[in-house]
Amino acid sequence: MTTLEYLKSSASGNFFLLAGPCVIEGREMALDIAGTIAPICRRLDIPYVFKGSYRKANRSRLDSFTGIGDREALEILAEVREQTGVPVVTDIHCAEEAEMAAEYVDILQIPAFLCRQTDLLVAAARTGKMVNIKKGQFLSPESMRFAVDKILENGNSQVAVTDRGTCFGYGDLIVDFRGIPVMQQQNVPVIVDITHSLQQPNQGSGVTGGRPELIETIARASVAVGADGIFLETHRNPRMAKSDGANMLQLDLLEPLLERLSALRHCINSFDNRNTNL
């Protein structure tokens, strides 16, 4: 089964989930988070992928935490996959990183600011791994077909697109839910990045802010509109997280949130099935 087939494998028609910490801070925290989420998702029939950046290349300030070391973090990601049996996803930032990261993970993720970088997309596609392209905050949903084409035209049909909000004024983002069906017309899964959509980038302190109290609002809307998957970052103690803590979901709040979102998806599916049978 390919990674893309796995993401579509829910017998109940549920969404899939990409979730984990913003960045790998250490082995124990990664295994703890993945080991907590995986059984919840199995119970709820949610195909699950553990997310963790092995390095954060896009930081507002020079003194911001970027990682524990590339190989060490990638080896932790591979161990998460081995220990939990779930696929793993991580970001890459330049073409030279694609082959290295592909040795350890199942999905290569293209950061939003880099989604137009042709050499990066081509290198990711040529690894044969699934590629998840985050939509640039500066692009229309329609424009993402060109990024998708760069993957497909290099012989890789495993591709997904993730919306993470669009620039709105200064230091804020907004999610335009019209973009979900628009991007689904490209015949690829469309994911909504819940937590990054709630960022308030480049605050005066040089540390990104966020609105975590709106996580469920954006998540419910995404599921209701028909997003194929949701993406969110979570941590045992977001205030102590070394990256993006301001918009993370506290880990112990994830299970009840997923229960409510699953119930919502099943309700919507039942209406869709009823309309199909009319």
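From a predicted model like this one, the values you see are computed outputs, not experimental measurements. Start at 1 with the first residue, then count along the sequence.
When hydrophobic clusters are built by joining Ile, Leu, Val, Met, Phe, Trp and Tyr residues whose side-chain heavy atoms come closer than 4.5 Å, directly or via intermediates, Ile230 is grouped together with Tyr6. In the hydrophobic clustering of ILVMFWY residues, with side-chain heavy atoms under 4.5 Å counting as a link, Leu114 and Leu139 come out together. Met1 and Val86 fall within the same hydrophobic cluster, where Ile, Leu, Val, Met, Phe, Trp and Tyr residues are linked whenever their side-chain heavy atoms come under 4.5 Å apart, directly or through other members. No single ILVMFWY cluster, assembled from side-chain heavy atoms under 4.5 Å apart, contains both Leu152 and Phe146. One hydrophobic cluster, built from ILVMFWY side chains closer than 4.5 Å, holds both Val88 and Leu4.
The salt bridge (Lys or Arg N to Asp or Glu O under 4.0 Å) pairs that include a residue from residues 79-90 are Arg27-Glu79, Arg81-Asp106, where partners are two or more places apart or lie in different chains.
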Practice task
Quick one: do Ile191 and Phe16 satisfy side-chain contact (heavy atoms from CB on, under 4.5 Å)? Show the steps, please.
Solution key: CA-CA 9 Å; Ile191 305 163; Phe16 58 83; 3.6 Å; yes
Problem - Worked verdict on Glu97 versus Tyr54 for side-chain contact (heavy atoms from CB on, under 4.5 Å) - result: CA-CA 11 Å; Glu97 295 179 12; Tyr54 72 88; 2.5 Å; yes
Handout entry: Residue pair Arg220, Leu261: steps toward the side-chain contact (heavy atoms from CB on, under 4.5 Å) verdict
Key = CA-CA 6 Å; Arg220 284 190 180 193; Leu261 295 178; 3.9 Å; yes
Practice task
Run the numbers on Leu258 and Ile40 for side-chain contact (heavy atoms from CB on, under 4.5 Å), then give the verdict.
Solution key: CA-CA 8 Å; Leu258 291 177; Ile40 297 170; 4.1 Å; yes
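Looking only at atom types and distance, the side chain of Tyr104 has a donor-acceptor partner in the side chain of Arg71 under 3.5 Å away. For the residue pair Arg236 / Thr36, a side-chain donor-acceptor distance below 3.5 Å is found, with atom types taken as modelled. A side-chain donor from one of Asn132 and Thr162 sits under 3.5 Å from a side-chain acceptor of the other. Between the side chains of Arg126 and Asn154, at least one donor N or O lies within less than 3.5 Å of an accepting N or O. Asp176 and Thr166 are not linked by any side-chain donor-acceptor pair at a separation below 3.5 angstrom, with hydrogens and angles left out of the test. Side-chain atoms of Lys150 and Thr118 include a donor-acceptor pair closer than 3.5 Å. Side-chain polar atoms of Gln250 and Asn237 form no donor-acceptor pair below 3.5 angstrom.
Looking at heavy atoms from C-beta onward, Cys115 lies out of side-chain contact with Lys134 at the 4.5 angstrom threshold. In this structure, the side chains of Ile37 and Phe50 stay at 4.5 Å or more apart for every pair of heavy atoms. Leu198 places a side-chain heavy atom less than 4.5 Å from the side chain of Ile218. By the 4.5 Å heavy-atom criterion applied to side chains, Leu74 and Met100 are counted as neighbours. Taking 4.5 Å as the limit, every side-chain heavy atom of Pro181 sits out of range of all side-chain heavy atoms of Met183. Within the 4.5 Å cutoff, the side chain of Leu173 has no heavy atoms near those of the Val175 side chain. Inter-residue side-chain proximity for Asp228 and Phe15 is flagged as unmet; no heavy-atom pair is nearer than 4.5 Å. Put simply, the side chain of Arg145 does not reach to within 4.5 Å of the side chain of Gln185, judged on heavy atoms.
Look at Lys129 and Glu99 and you find no salt bridge, because none of the NZ, NE, NH1 or NH2 atoms lies under 4.0 Å from a carboxylate O. With respect to Arg43 and Glu255, a salt bridge is recorded, a charged nitrogen being found less than 4.0 Å from a carboxylate O.
Between the CD atom in Glu259 and the CD1 atom in Ile46 there is a gap of 9.0 Å [rounded to 0.5 Å]. If you take CE on Met130 and OG on Ser157, they are separated by 10.0 Å, rounding to the nearest 0.5 Å. Distance CD/Gln83 to CD1/Ile76: 12.0 Å, rounded to 0.5 Å. One distance of note links CG of Leu264 with CZ of Arg260; it measures 11.0 Å at 0.5 Å rounding. Once rounded to the nearest 0.5 Å, the distance linking CE of Met144 with NZ of Lys135 reads 7.5 Å. Rounded to the nearest 0.5 angstrom, Met248 CE and Leu253 CG are separated by 13.5 Å.
Judged by distance alone, with hydrogens and angles left aside, the side-chain atoms of Thr234 form no donor-acceptor pair with the main-chain N or O of Gly20 at under 3.5 Å. No donor-acceptor pair under 3.5 Å is formed between the side chain of Tyr48 and the backbone N or O of Pro87. A distance-only check finds a donor-acceptor pair linking the side chain of Glu5 to the backbone of Thr2 [under 3.5 Å]. With Ser53 contributing its side chain and Lys56 its backbone, the two residues share no donor-acceptor pair below 3.5 Å. With hydrogens and angles disregarded, a donor-acceptor distance shorter than 3.5 Å links the side chain of Arg164 to the backbone of His196. Judged by distance alone, the side chain of Gln158 and the main-chain N or O of Thr3 form a donor-acceptor pair under 3.5 Å.
In terms of heavy-atom proximity, Pro47 sits nearest to Ser9 at CG-OG, 3.9 Å. When all heavy atoms of Leu108 and Ala101 are compared, the pair lying nearest together is CD2-CB, 3.8 Å. Looking at every heavy atom in both residues, Ala30 comes nearest to Val80 through CB-CG2, 4.0 Å. Counting all heavy atoms, side chain and backbone alike, Ile68 lies closest to Ala73 at CG1-CB, 4.1 Å. Residue Ala34 comes nearest to Pro39 through the heavy atom pair O-CD, 4.5 Å, listed as atom of the first residue, atom of the second, then distance. Residues Asp45 and Asn14 approach most closely at O-CB, 3.3 Å, considering heavy atoms.
Grouping Ile, Leu, Val, Met, Phe, Trp and Tyr residues whose side-chain heavy atoms lie under 4.5 Å apart, directly or via other members, places Ile174 in a hydrophobic cluster with Phe168.
Note: Phe113 and Phe138 have parallel aromatic rings, judged against thresholds of 30 and 60 degrees for the angle between ring planes.
Around CD of Glu213, the count of heavy atoms belonging to other residues, nucleotides or ligands within 6.0 Å exceeds 12.
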